[in-house]
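Following: one structure in structure tokens, then a few remarks.
Please read all numbers here as calculations on a predicted model, not as lab measurements. Protein chains get the first letters and strands the later ones, always in sequence-line order, with residue 1 at the start of each.
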Amino acid sequence: MIDQIYIEKAVLEHPRARAVMGRFPHATVTVCDRYGEIFNRKAQNFRLQKRKPALILAGKFANHVLPSPPEYAIGGAVNYYFSHMLNCIYDCRYCFLQGMYRSAHYVLFVNYEDFCQAIIEKIQAAGAASAHFFSGYDCDSLALDPVTDFVREFLPVFRRHPQALLELRTRSTQIRALLAQEPMPNCVVAFSFTPAEIAAAIEHKAPPVPKRLQALQRLQEHGWPIGLRFDPLIYQDGARQQYERLFGQVFDVVEPARLHSVSLGSFRLPKSFYRNLTRLYPDEVLFASPLEETADGMVAYRDSIRRELLSFCRDTLLNYVAEEKFFPCEAVITSNADTDHGVGVPTN
Amino acid sequence: MLHIICALKPEARPLLDHFELRARPGAARMYYNPATGISLTLSGIGQAAAAAAVTRTYTQFNADKTHAWLNLGIAGHTDLPVGQAVMINKVTDARSGQTWFPSRVFSVPLPCRDLITLEQPDANYRQELYDMECAGFFRAMSGQATLELVQPMKIISDNAGQSLATVTPALVRRLITQNLPVIKEVTGQLLSLSALLQQLEDPGPDYQALTRRHHFSVSQRHQLGALLRKWQALHPDDTSPTTRLRHHQTAAEVLRHLQAGLEQTPIRLG
Ligand code: SF4
């Protein structure tokens, strides 16, 4: 699956880097100084690279944990996100990562210990206030877990700090590491969904909706708190009926007692990302949808469509979900202090 | 289009024959086959010559980011067998220490190694391949081409057991000839990537026909391009919207008509 690994000189001997390389014994390994030499180069083509992404093993030396936009909160007093990985093995056509990054290669920051330390410091700084941490902004939290061991390495931090909450956001079915552990009330596994017809058309390589539902069910039976993320809402002919059917399928499976939170958000992208995406995929029906620029520099569905779909979904969801567990989120983008290209739009 | 840059005539000869490349009139040491979209430029030895060949080719073919580039030639290595074709992961200029990382998005059944570009031939063989052009090729390509469309490919001509002194023009021709199947595979991959990018950039025949027929301002041209692309996405089987736009008198009318048509088209993602 991975033919080419780039590795920063500084992490050549890092045990996690060695373990990950051990999983791809046939891959060619190329040493570089900093991952940006490969990842941030100009004139790369994301669409072409997506055919055969390489894995870049790197170290992250600052800004391990960053404030997340308050609009994405699910009840926390202070909210942070962290990205042990950049990019994703799936290929959802609406994914903002395609518009944000120049490269489709996967970057894995192997110095988890520094991330964990930074998380602990934020938890301690929050004191009695509930601190929430989101891990699925720049990647799918679980999709590459068998390779990254993310769950096994990060969950103990939260087990030791039950006052803090971790959200794992995913479209994947890679739940083995979670099933091997005692569930934690402060770790929410949040599954993202679009209706099956839409997922099949534009969530390329991601597990189909029924498989995600099976994974959700197994985790729920095991005792893990579950989150539901209907974000982004995608419009097409018949979207209302398709979302109605999706909500029915999902709530046939979800046990109210295990449900932590439900959130909802419309499809939107910063204008510059949208421009990049339409250059990469001029032939994509999604980008021929009735989209328009908003006053705050975003591209979103035309106001009437956006409002109509949002309010329909909100009203329908409130038939299933108690209001205190429901977190509709409207489009807000904030700049990310970590990099010159980051935004606070969740991918998963 | 694909542009091959070779240092030496013996490297180029089998390719000129195989790809039926003919001398390009008015362009010295440049060969071309318009039917296949493949060109070959002979650079001569050394980084500066390779860089100059890239620049000449770029200008001659009015190249853009959809064109593909291949630096093909011989190289030395400590223990890879003579005649082995190799793809390159990292190119280092021995003089400056500058590095380039070719980005390959297709698989070929060849070993992949790092390469160092030296100023002079060197009998101290090492784990990296060495040549005398590749860094110059990459330096000249920087910012000029899409990275995934720029590849080096080297054929081992000498190693610790079979020194540079044994390399003759006849041997070089033979080594290139025996690797033609894999060279064809690599050139085929690069041509198909180039064709894909060309297709994505191409606003299509309707754009050309409409801009010939009406006066579109620069911003209207952008709008037209965007609307036609959406139209093609939503109506992939509609081969000729131009015909139906015939009776419109002005550019603005055409744009309004396309916009209105798009608004009425149901969005079906599947
Ligand atoms: S939206 Fe999420 S699952 Fe889909 S490609 Fe992006 S990161 Fe991966």
Side-chain angles (χ1 to χ4, degrees), chain A residues 3-6 27-33 37-39 41-54 56 93-94 102-105 194-203 234-239 242 275 278-291 301-302 305, chain B residues 65-66 68 87-92 97-108 110-114 141-150 189 192-194 196-197 199-204 225-236 259 262-270:
Chain A
D3 291 347
Q4 171 73 55
I5 295 176
Y6 297 99
T28 306
V29 176
T30 305
V31 179
C32 61
D33 287 326
E37 283 179 280
I38 289 128
F39 195 69
R41 290 177 294 180
K42 288 188 182 142
Q44 301 187 78
N45 186 295
F46 196 103
R47 178 170 179 167
L48 296 186
Q49 279 190 6
K50 203 71 191 162
R51 293 173 167 213
K52 201 166 167 293
I56 306 175
R93 194 50 66 243
Y94 50 73
R102 289 175 176 159
S103 169
H105 296 326
T194 53
E197 303 83 340
I198 295 175
I202 57 174
E203 292 179 354
I234 300 291
Y235 168 79
Q236 71 163 344
D237 202 26
Q242 291 158 8
R275 217 177 16 238
T278 53
R279 273 193 208 125
L280 289 171
Y281 297 99
D283 42 358
E284 174 60 53
V285 174
L286 176 67
F287 304 130
S289 301
L291 298 162
Y301 286 123
R302 189 191 305 141
I305 289 178
Chain B
K65 295 228 159 105
T66 68
M87 299 305 287
I88 306 298
N89 291 319
K90 179 179 178 178
V91 177
T92 304
Q98 199 176 346
T99 51
W100 294 267
F101 297 88
S103 175
R104 198 173 50 259
V105 296
F106 53 87
S107 299
V108 270
L110 293 179
C112 307
R113 293 284 191 282
D114 295 355
M141 289 297 358
S142 295
Q144 306 285 357
T146 302
L147 270 174
E148 290 68 34
L149 270 58
V150 182
Q189 295 276 7
S192 85
L193 294 175
S194 168
L196 172 64
L197 290 195
Q199 183 204 322
L200 296 179
E201 301 261 304
D202 184 5
L227 290 173
L228 283 174
R229 268 194 285 271
K230 288 184 182 185
W231 190 273
Q232 278 155 16
L234 295 183
H235 304 272
Q259 183 67 50
L262 285 171
E263 307 246 328
Q264 281 159 22
T265 311
I267 302 297
R268 297 199 178 103
L269 295 167

(request) Look only at the side chain of B:T66 and the backbone of B:L197, and say whether a donor-acceptor pair between them is shorter than 3.5 Å. (result) no
(message) Under a 3.5 Å distance rule, please check whether A:R41 uses its side chain to pair with a backbone N or O of B:F101 as donor and acceptor.
(response) yes
(request) Would you mind checking which part of B:A145 comes under 4.5 Å of any heavy atom in chain A, side chain (CB onward), backbone (N, CA, C, O), both or neither? (result) backbone
(message) Counting heavy-atom pairs closer than 4.5 Å to chain B, which one of A:E284, A:E37, A:K42 comes out on top?
(response) A:E37
(request) Sort B:S107 into side chain, backbone, both or neither according to what part of it lies under 4.5 angstrom from a heavy atom of chain A. (result) both
(message) Just verifying a value: how many Å separate B:L200 CG and A:L48 CG, rounded to the nearest 0.5 Å?
(response) 8.0 Å
(message) Heavy-atom pairs under 4.5 Å with chain A: which of B:E148, B:R229, B:K230 has the most?
(response) B:E148
(message) Using the salt bridge (charged side-chain N to carboxylate O under 4.0 Å, His left out) criterion, which residues pair with A:D283? Sequence neighbours excluded.
(response) A:R47
(request) Check whether B:T99 gets within reach of chain A through its side chain, its backbone, both or neither, counting any heavy atom under 4.5 Å. (result) side chain
(message) List the residues meeting side-chain hydrogen bond (donor to acceptor under 3.5 Å, both in side chains) with B:Q199, not counting sequence neighbours, and say none if there are none.
(response) none
(message) Please classify the contact between A:Y281 and chain B as side chain, backbone, both or neither, with a heavy-atom cut-off of under 4.5 Å.
(response) neither
(request) Counting only heavy atoms closer than 4.5 Å, note whether A:R302 contacts chain B via side chain, backbone, both or neither. (result) side chain
(request) Pick one of side chain, backbone, both or neither for B:L227, based on which atoms fall under 4.5 Å of a heavy atom in chain A. (result) neither
(request) Among A:P282, A:A201, A:A239, A:S289, single out the residue with the greatest number of heavy-atom pairs under 4.5 Å to chain B. (result) A:P282
(request) Sort A:E197 into side chain, backbone, both or neither according to what part of it lies under 4.5 angstrom from a heavy atom of chain B. (result) neither
(message) Parallel, tilted or perpendicular: which one describes the rings of A:H105 and A:Y6, with boundaries at 30° and 60°?
(response) tilted
(message) Is it the case that the side chains of A:E203 and A:T194 hold a donor-acceptor pair, with the cut-off being a distance below 3.5 Å and no angle test?
(response) yes
(request) Answer yes or no: is there a donor N or O on one side and an acceptor on the other, between the side chain of B:K65 and the main chain of A:A43, under 3.5 Å? (result) no
(message) Counting only non-hydrogen atoms closer than 4.5 Å, does B:P203 touch chain A with its backbone (N, CA, C, O), its side chain (CB onward), both, or neither?
(response) neither
(request) Given side chain to side chain contact (heavy atoms under 4.5 Å, CB included), test B:W100 with B:M141 step by step and report yes or no. (result) CA-CA 11 Å; B:W100 294 267; B:M141 289 297 358; over 6 Å; no
(message) So for B:L269, is it side chain, backbone, both, or neither that comes closer than 4.5 Å to the heavy atoms of chain A?
(response) both
(request) Name the member of A:L286, A:I234, A:V285 that forms the most heavy-atom pairs with chain B at distances under 4.5 Å. (result) A:V285
(message) Heavy-atom pairs under 4.5 Å with chain A: which of B:L193, B:L262, B:D114 has the most?
(response) B:L193
